[in-house]
There are 2 protein chains.
Amino acid sequence: MSTSSSASPSRAATLTDVARLAGVSIATASKAINGRAQVRAETRQRVLEAAEQLSFAPNALAKSLLQGRTGTVGLLTSDLEGRFSIPVLMGAEDAFGAGRVSVFLCDARGDAIREQHHIRALLSRRVDGLIVVGSRTDPRPPLEGDIPVPVVYAYAPSEDPRDISITADNVEAGRLAIDHLLSCGRTRIAHVSGDVTYKAAKDRARGAADALADAGLELVGGRTFFGSWSEGWGRGAARMVVERHPDVDAFFCGSDQIARGVLDALRELGRDVPTDVSVIGFDNWAVLTTNARPQLTSIDMNLEQVGRVAAKRLFAAIEGTASSGIEELPCRVVTRESTVPNG
Amino acid sequence: MSTSSSASPSRAATLTDVARLAGVSIATASKAINGRAQVRAETRQRVLEAAEQLSFAPNALAKSLLQGRTGTVGLLTSDLEGRFSIPVLMGAEDAFGAGRVSVFLCDARGDAIREQHHIRALLSRRVDGLIVVGSRTDPRPPLEGDIPVPVVYAYAPSEDPRDISITADNVEAGRLAIDHLLSCGRTRIAHVSGDVTYKAAKDRARGAADALADAGLELVGGRTFFGSWSEGWGRGAARMVVERHPDVDAFFCGSDQIARGVLDALRELGRDVPTDVSVIGFDNWAVLTTNARPQLTSIDMNLEQVGRVAAKRLFAAIEGTASSGIEELPCRVVTRESTVPNG
DNA sequence: CTGAAAGCGCTTACAG
DNA sequence: CTGAAAGCGCTTACAG
């Protein structure tokens, strides 16, 4: 069907080419192609056929130059290999709509110089706006310098309350996790989490403590066990908790990696999940949750939704309808085999 | 330090603004800013100061329109959430250099219509070239239609030998894995891999068989055990292999997920890794390899390098220096605790 | 209904 | 060394 030969790319056709082939002026060709009313049907037909025949794709650069809008946005991240940027990016791409808005992706790799280079380049290319994605929920310094277009911060909010920031509600997520475990009939709940310097870790712990307090309970051990975001820490912490608090009946883990470690330790200690102990993870990272034994219940931060909302807010800001401040979006529980009601 | 207020974005300055402020013509301003020789030093200084003061960023759209080159490329993927696109993308971004070339990222989500929309949009934006990233090494149909710019296929090669494709050498990777196990003194080697419909799975198996044959050996069980790319399959396959072939002393796994399953099964069967049995995975996916017990030796496909080379080939093609055909890049062994020499 | 002309922001010969 | 003019590809009033 396709007779394409990528071996011999031809010069892109211009409106002048189309007009010439159709035997009209470029003004008329322009109107015909853009569906303006004042064109005779027969003429429009002739122009469209010429355009088709030449595979005419209107030069967006020329259009943008006239209209002062490019229909492009820049997406700045420092965490491409991490698992935060990608869902946000997909959500944003989704919200913009395929082809309507094009996204420049830039990874600064945590390097401030590199970030400056990228910002300069993006502004030169006249992006209509910028989305800045971070990998931690700790507020970050706003972009430096005079940015003549709207900026939205996704996942990692800006320190400046006048900026627009979209992130996940980690306090509420902590509550969700505990409420889920409570609804499974658990009351002796331990919270094993990661690096305490992360705001996300502290927020989840606070939400968990609040939810337990509301139920007249408290965490096993009286506090959150902070450590690192690793399976190894999960294993060690689980062993310690079981030894000191043999009546523990549930673990709320600060990440799926920690949860995997907890699951392994519990199996080796002869505690059945979910019969004896329920386990809930965090992040809902498929490669970890679906391969776990048993499959892992986890909290999903709906990062694609964060991206989608960020894109919408950016749109609104471009249109001049400015919101501002930090908007915290809800997380959700994804139930799998590691937690069951009244287990 | 930064007095920026992202709350009040100002209109982007133009060359006319700079020229006016410096008291020169826009032609002179242009020359001064672009380092052309024919400008008096004092004049140049004045122009540069004006530009600085106005945060002047030259309009790349206007420049591109003149020069017929945009300094942008499109990166088309269908596998953003997967683990193949991101490293390739990072490598490409790396090769292009921060700010010199900007990358439009488009995720088609496996939808042909969506892909067409993205291609149209990218061509409208006059990208200088296209990189198409796939998640499987099975050759894929080339992009449809008349693409007036060079295209490079990364990881997933094009079916058309006239196209430029860069991928990883999975046959050689199979040899590398076996050679590593042989050099650890292993001779009873099993190969547990994933979905047999993947060319990558078949290629790795072929390389493994070839390397063993060169050493006068063959795979334990006389063949590769194909299954799925999951931990569950790794666990089941390992149990089966150990039962039928108790003298097995090494596992070459088709993915790190499979390897994690194999490690778990071996531990539960009381086989020590790496003393009794060596295990090598594939993909070198950090979250799996570094959290494994013991840490997992794995094959790294150097996907960033694939991206870097793809970017270079695209550059060359844009400059008119066309290469063509499939270029297969070497993989490498990343040694960790799960394999040791003469264990 | 159709087309000549101006202009978006820039660069590049070409005069002065 | 400096500047007026043409032109990249398009759209949009404005005449005809």
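Chain identifiers are assigned alphabetically (A, B, ...) following the order of the sequence lines, protein sequences preceding nucleic acid strands; residue numbering begins at 1 within each chain. Values in this document were obtained by computation on a predicted structure and should not be read as measured data.
Within 4.0 Å of T14(A), counting heavy atoms only, lie sugar-phosphate atoms of the nucleic acid but no base atom. Counting any heavy atom pair closer than 4.0 Å across all strands shown, S64(B) reaches no nucleic acid atom. Among the heavy atoms of the strands, none lies under 4.0 Å from R69(B).
Whole-Å rounding puts the R46(B) CZ to dT2(D) C1' distance at 11 Å. Straight-line distance from the CZ atom of R125(A) to the P atom of dG9(C): 18 Å, rounded to whole Å. What separates CG of N59(B) from P of dG7(D) is a distance of 21 Å, to the nearest Å. Here dT11(C) presents its P atom at 8 Å from CZ of R36(B), a figure rounded to the nearest Å. Going from atom CG of L123(A) over to atom C1' of dG9(C) covers 16 Å, rounded to whole Å. Put simply, CD1 on I33(A) is 8 Å from P on dT11(D), counting in whole angstrom units. Following rounding to the nearest Å, N34(A) (CG) and dA13(D) (P) show an atom-to-atom distance of 13 Å. As a whole-Å value, the separation of D17(A) CG from dC8(D) P is 12 Å.
Using cut-offs of 30° and 60° on the angle between ring planes, the pair Y155(A) and F84(A) is parallel. By the 30° and 60° cut-offs, the orientation of the rings of F315(A) relative to F96(A) is perpendicular.
When the nucleotides dC10(C), dT2(D), dG9(D) are ranked by their closest atom to the side chain of L66(A), dG9(D) comes out on top. Among the nucleotides dT2(C), dA4(D), dG9(C), the one closest to the side chain of S25(B) is dA4(D).
Side-chain contact of D163(B) with S158(B): a donor-acceptor pair under 3.5 Å is present, judged by distance alone.
Of the P atoms belonging to dA4(C) and dG7(D), the separation is 16 Å, rounded to the nearest Å.
To the nearest 0.5 Å, atom CG of residue D79(A) and atom CD1 of residue I86(A) are 8.0 Å apart. T28(A) contributes atom OG1, which lies 9.5 Å from atom CD of Q38(A) (distance to the nearest 0.5 angstrom).
When each of A62(B) and K31(B) is assigned the nucleotide of DNA chain D with its nearest heavy atom, K31(B) is the one assigned upstream, toward the 5' end. Looking at which nucleotide of DNA chain D each of L65(B) and V24(B) is closest to, the 5′-most match is held by V24(B).
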